[in-house]
Amino acid sequence: MTDQTPSPASRARTTEWLAEKLGAPDLAVVDGSFYLPAMKRDAAAEYLAGHIPGAVRFDIDAISDHAQDLPHMLPSRETFASMVGALGIADTDTIVVYDGMGLFAAPRVWWTFRLFGAQNVFILEGGLPKWKAAGHPLEGGELKRAPRTFNARKPPDVVASLRDVQAALAGNTAQVVDARPADRFRGEAPEPRPGVRSGHIPGSLNVPSTKLVDNGRLLPTEQLKLAFASGGVDIDKPVIVSCGSGVSAATIWLALEALGKEPKALYDGSWSEWGSRPDLPIAPEPKP
């Protein structure tokens, strides 16, 4: 029923709202910026140079599973609880996440906090660019909040493995939707990570995350539906979201949830895993 479909705004907070709430004891502002190598930006340096007052930096590479060779894979529940608690964030806080591009890495951080049990997690509409454009203040240096206790829950079964993706495609039980740019999906552009082939998972679909966003905000509902339809996605059927390394896949998750169609799972290894495995097929098939 359309009147029960959540709106994108239910997952977001405006810069005006945040400016009024800064300093509240139960508010945690999180800079979740992350950039691909080709973007030639340094998230850590940019945070130190200027961030929203009171914001702590959530480094998706640091708060990850370092036992794996793949980039920023989800950490264990214990690791997440320890590292986020050390940042001064409790699971009962109201958490507002932003990033330096507007809406790129923030959905991944939003998704991760929710995965481990935080109930009140929001994305800042327009991110840091909109905050700056509105004339709100910045502060430099590293912020230290007093440690808190984050009671992390066991994540629900929404993190897909490579085998889960293979089974879904073989059994036609879920659509695998890739958020990478179209030229990378088609194998016409190189991957940003060494040793990862160009192309896509055979049978997967492509909805570039950039087609779902405008000025750091999700598109209106009808435009989101059109974007998925143009990629051949039936939003009424199960979806496993994927991308290059599990970051922009979360933007697809955010968009589908805004349409009341929460995905079945997120493939955390994504193309960084599949594309680096020479034993796995890719499309289009490499020329001899």
Side-chain angles (χ1 to χ4, degrees), residues 2-35 41 43 46-60 84 87-114 118-146 148 209-224 227 247-248 250-260:
T2 55
D3 61 338
Q4 294 180 342
T5 301
S7 69
S10 67
R11 286 149 197 82
R13 288 292 182 264
T14 65
T15 53
E16 293 78 10
W17 181 93
L18 182 58
E20 292 178 0
K21 298 290 185 181
L22 282 184
D26 61 346
L27 175 70
V29 185
V30 177
D31 185 324
S33 299
F34 163 81
Y35 304 111
R41 294 178 64 173
E46 290 185 17
Y47 169 81
L48 293 174
H51 54 263
I52 293 177
V56 295
R57 180 170 179 253
F58 185 104
D59 183 345
I60 66 171
V84 169
L87 288 176
I89 303 174
D91 55 296
T92 54
D93 285 337
T94 296
I95 303 166
V96 180
V97 184
Y98 72 89
D99 66 51
M101 290 186 65
L103 193 68
F104 176 63
R108 168 70 183 205
V109 180
W110 165 86
W111 178 80
T112 304
F113 269 103
R114 294 171 74 237
Q119 297 296 315
N120 300 308
V121 192
F122 305 95
I123 292 172
L124 183 65
E125 283 189 348
L128 191 60
K130 187 176 180 185
W131 180 269
K132 290 179 178 179
H136 297 305
L138 298 176
E139 68 177 10
E142 184 177 3
L143 181 85
K144 294 287 189 181
R145 289 167 60 98
R148 303 283 300 280
S209 60
T210 53
K211 301 295 185 183
L212 305 172
V213 176
D214 182 46
N215 288 325
R217 301 177 62 181
L218 285 181
L219 294 173
T221 296
E222 291 307 314
Q223 292 183 43
L224 289 178
V247 176
S248 57
T251 300
I252 295 186
W253 188 295
L254 180 71
L256 285 171
E257 190 174 301
L259 295 173

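Keep in mind that the numbers below use all heavy atoms, side chains included, and drop hydrogens, waters and symmetry copies.
Counting non-hydrogen atoms of neighbouring residues, nucleotides and ligands closer than 6.0 angstrom, the CD atom of Glu139 exceeds 12 such neighbours. Heavy atoms of other residues, nucleotides or ligands lying less than 6.0 angstrom from NZ of Lys211 number 12 at most. Few gaps surround CG on Asp26; more than 12 heavy atoms of other groups in view lie less than 6.0 Å from it.
The structure places CG of Asn120 at 4.5 Å from OG1 of Thr94, a figure rounded to the nearest 0.5 Å. Here the straight-line distance linking atom CD1 of Ile252 with atom CD of Glu257 works out to 14.0 Å at 0.5 Å rounding. Considering OH of Tyr47 and CG of Asp59, their distance stands at 11.5 Å, rounded to 0.5 Å. To the nearest 0.5 Å, atom CG of residue Asp91 and atom CD of residue Gln119 are 8.5 Å apart. One finds the CG atom of Leu218 at 9.0 Å from the CD atom of Glu125 (value rounded to the nearest 0.5 Å). In this structure, CZ in Phe113 is found 4.0 Å from CD1 in Ile89, a value given to the nearest 0.5 Å.
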With side chain to side chain contact (heavy atoms under 4.5 Å, CB included) as the criterion, how do His51 and Arg57 come out once you've worked through the C-alpha distance, each side chain's angles and the decisive distance to 0.1 Å? CA-CA 9 Å; His51 54 263; Arg57 180 170 179 253; over 6 Å; no
Could you go step by step and tell me if Leu212 and Leu103 meet the side chain to side chain contact (heavy atoms under 4.5 Å, CB included) rule? CA-CA 10 Å; Leu212 305 172; Leu103 193 68; over 6 Å; no
Run the numbers on Leu138 and Lys132 for side chain to side chain contact (heavy atoms under 4.5 Å, CB included), then give the verdict. CA-CA 8 Å; Leu138 298 176; Lys132 290 179 178 179; 3.8 Å; yes
Start with the C-alpha distance between Thr15 and Leu124, add both sets of side-chain angles, then the distance that settles side chain to side chain contact (heavy atoms under 4.5 Å, CB included), and finish with yes or no. CA-CA 7 Å; Thr15 53; Leu124 183 65; 4.0 Å; yes
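Across Met101 and Pro129, no two heavy atoms sit closer than the pair C-CG, 3.9 Å. The two residues Leu48 and Glu142 have their closest heavy-atom pair at CD2-N, 3.7 Å. When all heavy atoms are compared, the tightest approach of Arg217 to Gly126 is CG-N, 4.1 Å. Taking each heavy atom of Ala55 and Tyr98 in turn, the nearest pair found is CB-OH, 3.7 Å. Nearest approach of Ser248 to Ser209, heavy atoms of both residues: CB-OG, 3.6 Å. Of all the heavy atoms in Val29 and Leu18, the pair that sits closest is CG2-CD1, 3.9 Å.
Remark: Trp110 engages no residue in a ring pair (Phe, Tyr, Trp, His ring centres under 6.0 Å) (not counting sequence neighbours). Residues passing the ring pair (Phe, Tyr, Trp, His ring centres under 6.0 Å) test with Phe34, sequence neighbours excluded: His72. Applying the side chain to side chain donor-acceptor pair (under 3.5 Å) criterion to Trp131, with sequence neighbours excluded, gives no partner residue. Applying the side chain to side chain donor-acceptor pair (under 3.5 Å) rule to Gln223 yields no partners; only residues at least two apart in sequence or on another chain are considered. Checked against side chain to side chain donor-acceptor pair (under 3.5 Å), Ser33 has the following partners two or more places apart in sequence or in another chain: Asp31.
The cationic group of Arg13 lies under 6.0 Å from the six-membered ring centre of Phe122 and within 45° of the ring axis, placing it in a cation-pi geometry.
For residues 95-110, every residue pair satisfying the salt bridge (charged side-chain N to carboxylate O under 4.0 Å, His left out) rule, not counting sequence neighbours, is listed here: Arg108-Asp268.
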